[in-house]
Amino acid sequence: MSIVDEVRAVVAAIPPGRVMSYGDIAARIGAGPRQVGRAMTLLDDAVPWWRVVHADGTPATCHGGTAPALLRAEGTPLTRTRVDMLRARLPCPSTT
């Protein structure tokens, strides 16, 4: 399975109202956050790309800056312009 396929599978499994950071996905698949970001650019719009945010909760700025509106529409907890990561972050599996 390629990294793009792995990223696609993880992102597709993020439920509405929840998010993961690039680093969360990287930890789950054994890659780096920048590799995840690069793979994200190769995914089609059918994958919920807006559910992947920066570690500080900042949404993606691609797609004309539509991520915040898509997140709000799904009921994702936001604090001003960022996702409330304490409430919305999907737990990562333990690395121990």
Side-chain angles (χ1 to χ4, degrees):
M1 183 182 281
S2 74
I3 187 170
V4 174
D5 293 332
E6 291 182 88
V7 169
R8 180 183 293 109
V10 173
V11 175
I14 302 170
R18 303 301 295 268
V19 299
M20 291 182 79
S21 71
Y22 294 94
D24 294 339
I25 296 169
R28 185 165 287 183
I29 67 170
R34 289 178 189 242
Q35 290 174 299
V36 171
R38 173 67 180 127
M40 290 288 298
T41 68
L42 302 173
L43 301 179
D44 58 51
D45 288 342
V47 178
W49 56 268
W50 57 93
R51 296 180 190 152
V52 180
V53 299
H54 297 278
D56 67 357
T58 303
T61 56
C62 57
H63 297 271
T66 58
L70 293 167
L71 291 164
R72 274 189 205 92
E74 293 184 340
T76 307
L78 297 165
T79 304
R80 297 186 188 187
T81 60
R82 293 184 182 172
V83 172
D84 182 337
M85 295 298 279
L86 292 176
R87 293 174 35 210
R89 184 182 235 154
L90 197 64
C92 282
S94 174
T95 57
T96 58

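Side chains of Leu90 and Pro15 form a contact here, defined as non-hydrogen atoms less than 4.5 Å apart. Proximity of Ile25 to Arg28: side-chain heavy atoms (C-beta onward) are nowhere separated by under 4.5 Å. Proximity of Ile3 to Ile29: side-chain heavy atoms (C-beta onward) are separated by under 4.5 Å at one or more points.
Take Arg8 and apply the side-chain hydrogen bond (donor to acceptor under 3.5 Å, both in side chains) test, not counting sequence neighbours, and it matches Asp5.
Here the CE atom belonging to Met40 is positioned 10.5 Å from the CG atom belonging to Leu42, to the nearest 0.5 angstrom. Note that CG of Leu78 and CZ of Arg87 are 9.0 Å apart. Values are rounded to the nearest 0.5 Å.
Pairing each heavy atom of Ala67 with each of Pro59, the nearest pair is CB-CB, 3.9 Å. Ser21 and Val52 get closest at one heavy-atom pair: C-CG1, 4.4 Å. Annotation for Thr66 and Trp49: closest pair OG1-CH2, 3.5 Å, computed over non-hydrogen atoms. Among all heavy-atom pairs drawn from Val7 and Ala39, the shortest one is CG2-CB, 3.8 Å.
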Next item on the list: Could you walk me through whether Val53 and Met85 pass the side-chain contact (heavy atoms from CB on, under 4.5 Å) test, one step at a time?
Entry: CA-CA 9 Å; Val53 299; Met85 295 298 279; 3.8 Å; yes
Notebook entry, point to check: Run the side-chain contact (heavy atoms from CB on, under 4.5 Å) check on Val4 and Leu43 step by step: do they pass?
Noted result: CA-CA 7 Å; Val4 174; Leu43 301 179; 3.8 Å; yes
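The ring-ring contact (aromatic ring centres under 6.0 Å, His included) contacts involving residues 7-30 comprise Tyr22-His54, where partners must be two or more places apart or lie in separate chains. Within the structure, every pair that satisfies the salt bridge (Lys or Arg N to Asp or Glu O under 4.0 Å) test and touches residues 35-53, not counting sequence neighbours, is listed here: Arg51-Glu74.
With Arg18 contributing its side chain and Ala88 its backbone, the two residues share a donor-acceptor pair below 3.5 Å.
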